[in-house]
Amino acid sequence: MRGRFKPYLSELTIRDYNIYQRYTRGVRRQLYKEYGLFSCRLLHHHGVIYALLADSLAGRPATCRVERVPGKLRRMPTMCQTKGIWMAARLEVLMNWHRLQECKWKNLRPSKKLRWVIQRFFLSRAYCKAARDVPALERLLRQEKAQIEAQMELRSRDYALAAEPICNVFGAIYSTLAPDDGARKNMRYIGSCIGRAFYLMDKAGSYAADQRYHHYNVFIENGLSREEADANARRQAIDAVNDLARVYMMMDFKLNRSLLDNIMILGLRNSVDPLEYGGEWTGTDRELP
């Protein structure tokens with residue numbers, strides 16, 4: 001669940017850049033208001049995508065206000081008052097909590113063990129609140145976590161079977177962003193493709209650590225070397241991104257179409273197969289002139 005994707009900066013317009021930044025501040029501020037300062041510091045790029053997709057599919061224009069940025073004294077334009085931002089905050093807390101639970105205590109260095117304890121302490125209350133708000137999604141995440149552990153015990157060599165639990169998680173998350181049943185099926189498929197791509201890239205990236213600690217890794221089970229695993233993961237991830245793009249182009253987004261095209265097509269492709277040097281997102285919070 002560690003994969004992330006971002007806008008492709010080289011092709012991003014100033015208008016879309018500012019919209020993305022305002023949504024980023026909106027989700028961060030929602031996290032701050034409901035779950036505290038610590039939770040908003042753990043914001044990943046996924047939360048912003050969740051808010052954009054939900055609001056754009058439903059045609060809900062966000063209210064832009066000048067608000068204080070959490071943790072800073074500056075006041076900047078911030079999107080607020082949408083259901084997409086509300087849902088994104090809860091999804092971010094749940095996903096951060098489950099990322100934390102994935103860590104193997106015995107494999108952590110002392111400094112990381114201390115960080116793990118601190119994060120668990122400060123995030124536990126936020127997690128309990130988010131789980132009460134979206135109990136169905138939390139039950140699904142727990143079920144898929146059990147399925148992941150079962151897959152590790154089986155040590156399957158089938159790529160589709162190994163990626164299935166993560167595909168189900170992302171499929172369920174993205175389906176909750178759809179405003180009606182017509183879009184829900186397509187969003188589930190899009191989420192499944194993203195989950196498959198991120199799972200394979202994560203497993204290729206953790207090849208050395210999994211080999212050292214004898215953890216389950218589908219590429220190791222298939223007898224691939226580190227270089228072969230990287231090439232295989234990239235090839236399968238690109239196939240998943242291409243499948244996603246075909247379904248995505250059929251979706252009816254009422255708002256922010258150009259921004260979402262940049263993220264879902266160029267940004268996602270760049271995250272699994274860099275398009276060119278300098279295309280990485282800088283992560284700055286400043287408005288362009």
Side-chain angles (χ1 to χ4, degrees), residues 1-5 23 26-28 30-36 39-40 42-60 62 80-102 119-120 122-152 160-199 244 247-248 251 253 264:
M1 296 186 195
R2 293 182 178 82
R4 60 173 64 182
F5 58 101
Y23 260 98
V27 177
R28 182 171 284 126
Q30 188 76 21
L31 284 165
Y32 171 71
K33 288 168 60 179
E34 296 197 62
Y35 303 109
S39 297
C40 79
L42 297 178
L43 175 64
H44 287 248
H45 295 279
H46 276 293
V48 188
I49 308 302
Y50 297 150
L52 276 166
L53 285 171
D55 290 342
S56 300
L57 275 169
R60 291 187 294 260
C80 56
Q81 295 183 339
T82 71
K83 185 178 180 181
I85 293 174
W86 181 90
M87 177 61 74
R90 281 144 184 80
L91 291 173
E92 272 295 307
V93 170
L94 292 179
M95 295 295 283
N96 275 315
W97 176 262
H98 286 285
R99 285 190 193 100
L100 200 60
Q101 305 313 304
E102 288 177 2
Q119 290 185 357
R120 181 181 173 87
F122 283 104
L123 200 58
S124 58
R125 183 177 297 180
Y127 160 74
C128 293
K129 184 178 186 301
R132 289 195 299 269
D133 291 338
V134 282
L137 188 58
E138 170 56 19
R139 284 196 299 270
L140 175 71
L141 291 173
R142 286 183 173 275
Q143 292 170 4
E144 296 306 326
K145 182 181 177 182
Q147 188 175 348
I148 291 171
E149 293 173 353
Q151 291 282 20
M152 293 174 67
L161 191 62
E164 184 180 3
I166 301 300
C167 291
N168 292 339
V169 168
F170 277 90
I173 288 174
Y174 277 75
S175 67
T176 62
L177 306 177
D180 52 57
D181 293 337
R184 195 163 288 123
K185 182 178 179 180
N186 287 340
M187 289 297 289
R188 180 177 291 275
Y189 185 79
I190 288 173
S192 297
C193 291
I194 291 173
R196 177 178 174 81
F198 285 162
Y199 175 82
L244 175 155
V247 176
Y248 167 80
M251 301 291 293
F253 292 98
M264 301 298 290

Between [X] and [Y], which heavy-atom pair has the shortest distance, and what is it?
{"X": "Phe170", "Y": "Gly191", "result": "CB-O, 3.0 Å"}
{"X": "Ala89", "Y": "Gln30", "result": "CB-CG, 3.7 Å"}
{"X": "Arg188", "Y": "Ser175", "result": "NH2-OG, 3.4 Å"}
{"X": "Ser39", "Y": "Ala126", "result": "OG-CB, 3.6 Å"}
{"X": "Val48", "Y": "Val27", "result": "CA-CG2, 4.4 Å"}
{"X": "Tyr50", "Y": "Leu91", "result": "CD1-CD1, 3.7 Å"}

Is the closest side-chain heavy-atom distance between [X] and [Y] below 4.5 Å?
{"X": "Tyr23", "Y": "Asp55", "answer": "yes"}
{"X": "Trp97", "Y": "Arg120", "answer": "yes"}
{"X": "Ile173", "Y": "His46", "answer": "no"}

With Gln147 via side chain to side chain contact (heavy atoms under 4.5 Å, CB included) - residues at least two apart | Glu144, Gln151, Glu164, Pro165, Asn168
Of all residues at least two apart in sequence or in a different chain, which pass the side chain to side chain contact (heavy atoms under 4.5 Å, CB included) check with Phe253?
->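 Phe253: side chain to side chain contact (heavy atoms under 4.5 Å, CB included) contacts with Leu53, Ser56, Leu57, Tyr248, Met251, Arg257, Leu260.
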Give the table of side-chain donor-acceptor pairs shorter than 3.5 Å for residues 130-140, with sequence neighbours excluded, one pair per line with atom names and distance.
unit_1, atom_1, unit_2, atom_2, d
Asp133, OD2, Arg90, NE, 2.9
Asp133, OD2, Arg90, NH2, 3.3
Glu138, OE1, His98, NE2, 3.1
Glu138, OE2, Tyr127, OH, 2.5
Glu138, OE2, Arg142, NE, 3.0

What distance separates [X] [atom1] from [Y] [atom2], expressed to the nearest 0.5 Å?
{"X": "Met264", "Y": "Ile49", "atom1": "CE", "atom2": "CD1", "answer": "7.5 Å"}
{"X": "Cys167", "Y": "Phe198", "atom1": "SG", "atom2": "CZ", "answer": "11.5 Å"}
{"X": "Lys129", "Y": "Ser124", "atom1": "NZ", "atom2": "OG", "answer": "14.0 Å"}
{"X": "Ile85", "Y": "Arg60", "atom1": "CD1", "atom2": "CZ", "answer": "10.0 Å"}
{"X": "Leu123", "Y": "Gln101", "atom1": "CG", "atom2": "CD", "answer": "9.0 Å"}
{"X": "Tyr174", "Y": "Ser192", "atom1": "OH", "atom2": "OG", "answer": "11.0 Å"}

Is a side-chain N or O of Asp180 found less than 3.5 angstrom from the main chain of Ala183, in a donor-acceptor match?
->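 Indeed, once roles are kept as given, a pair shorter than 3.5 Å links the two residues.
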